[in-house]
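Below is one structure; the comments refer to it alone.
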Amino acid sequence: MVDLIVVGAGLSGLALAKAAASHGADVLVLEARPRIGGRALSHATAAGAYDLGPAWVWPSVQPRIAGAIRAAGLTIFEQSEAGGFVFEDEKGLVQRLPRGFAQEPPSMRLVGGVTALADAFAAGLPRSAIRPEHTVRRIALTESGVEVEAQGPAGPATLRAARVALALPPRLVCRIAFEPALPPSVWAALSAVPGWMAGQAKALALYNRPWWREAGLSGGAFSRRGPLGEIHDASLAGAAEGALVGFFLWPASLRTGRREELAGLVARQLGALFGPEAGRPRDVIVQDWAREPFTATEADATPLDRHPDYRPIAWPAPWSERIALAGAEIAPEFGGYLEGALAAAEAAYGWWRTARL
Ligand SMILES: Cc1cc2nc3c(=O)[nH]c(=O)nc-3n(C[C@H](O)[C@H](O)[C@H](O)COP(=O)(O)OP(=O)(O)OC[C@H]3O[C@@H](n4cnc5c(N)ncnc54)[C@H](O)[C@@H]3O)c2cc1C
């Protein structure tokens, strides 16, 4: 019987677990994937780590992210935007513009990638506190707390805790069976919340040097044709190799049918946008989040036309004493973003401290 079970070892769950553990709680983090980080995922080369999930932070306006970076002793660098910008219309007509759209405040990236933040939170927990490959399937209320059933690598496992926090996108919470059952209104509220970027996919193209900078280009582009819709320079600070990263314009439904071709189509599009050298990347890595069952549901495959208005979701009695939500999708400020993930962890930590008194 532990004090708190946290479901999900994304940034939100790890931050919450670390906060509770550093205040003396016996915490267990159950994570479905074999790795921690959730949507934070890196591709490593000899030069360093590239982000295949979240990459940008804005510490000048995100106090929790700023604090976490400071506490972890991580270094940030500015997203490279200097130089010409490329625009491709629906018909594939390519135009070069003298500059792109400056971001204000500038987007910053982390040396070591966003996974370095996840690793720093995890380092603040005892090793045995995180159980990867444990998919939570059922949560039952008992007289003294909660009973959590997870599918582990060696079979089903039943774990007991005084309280449980669910640090996952609300639509994934709907896959867990609750006893007693949650009221239909709570299920409806949870299933209506889209996972932020859950239906998105990123492509990373690696080159031996960022040659576009020598050509006066920023590596930035917008395309109305696809497969990529928005492209940025993803090169690492101070590294000799270069990288471009793009978000797919093509929705999940279109990507699914052409999965095997995507890397080749991306290389061809980059060649059309930036010139022949761009069409010959050393490697292309496609990370399709819509295909990840521990990030996206079928409903997330439909592209969003705007940023959802994320809000806390209240749990009814008798659950409210024993269970709370965390995760980026319940934060009213910076909801969906990394800062929101940390804000939700903070709120869940506040709930846990009050509830146990
Ligand atoms: C392509 C992409 C780009 C993005 N770009 C940015 C950006 O530049 N800046 C930014 O601030 N944000 C960005 N985001 C959003 C950012 O990734 C999220 O805000 C953040 O990672 C959410 O963290 P979380 O801990 O709330 O959720 P997650 O990271 O989704 O963590 C949830 C965890 O729960 C686990 N889980 C799910 N179901 C179960 C279960 N039943 N049992 C046990 N474990 C389970 C999952 O495996 C996962 O590890 C981006 C997201 C994507 C996909």
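Hydrogens, waters and symmetry mates are skipped; everything else that's a heavy atom, side chains included, is used. Please read these numbers as outputs of a predicted model, since none were measured by experiment. Whatever order the structure lists them in is the order used to number ligands and atoms, beginning at 1.
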Check: Quick check: does any side chain N or O of Gln79 sit under 3.5 Å from a backbone N or O of Asp233, one acting as donor and the other as acceptor?
Finding: yes
Item checked: Under-4.0 Å salt bridge between Glu277 and Arg209 -> yes
Give every pair made of an N or O atom of ligand 1 and a protein N or O atom lying under 3.5 Å apart, one pair per line with both atom names and the distance to 0.1 Å, or write 'none'.
unit_1, atom_1, unit_2, atom_2, d
ligand 1, 8 (O), Ala55, N, 3.3
ligand 1, 8 (O), Trp56, N, 3.0
ligand 1, 9 (N), Trp56, O, 2.8
ligand 1, 11 (O), Leu338, N, 2.8
ligand 1, 19 (O), Gly336, O, 2.5
ligand 1, 19 (O), Tyr337, O, 3.2
ligand 1, 19 (O), Leu338, N, 3.4
ligand 1, 25 (O), Leu11, N, 3.1
ligand 1, 25 (O), Ser12, N, 2.9
ligand 1, 26 (O), Ala328, N, 2.8
ligand 1, 27 (O), Arg39, NH2, 3.1
ligand 1, 29 (O), Arg39, N, 2.9
ligand 1, 30 (O), Arg39, NE, 2.8
ligand 1, 30 (O), Arg39, NH2, 3.2
ligand 1, 41 (N), Val136, O, 3.1
ligand 1, 42 (N), Val136, N, 2.9
ligand 1, 44 (N), Ala32, N, 3.1
ligand 1, 47 (O), Glu31, OE2, 2.6
ligand 1, 47 (O), Arg33, NH1, 2.9
ligand 1, 49 (O), Glu31, OE1, 2.6
ligand 1, 49 (O), Glu31, OE2, 3.1

Note to self: Using side-chain heavy atoms (C-beta onward) and a distance below 4.5 Å, is Ile36 in contact with Phe121?
What the structure shows: no
Checklist line | Pair Glu147 + Arg160, salt bridge at N-O below 4.0 Å | finding: yes
Check: Hey, is Arg171 close enough to Asp300 for a salt bridge, meaning N to O under 4.0 Å?
Finding: yes
Next item on the list: Measure the shortest side-chain to side-chain distance between Trp212 and Leu273 over non-hydrogen atoms and say whether it is less than 4.5 angstrom.
Entry: no
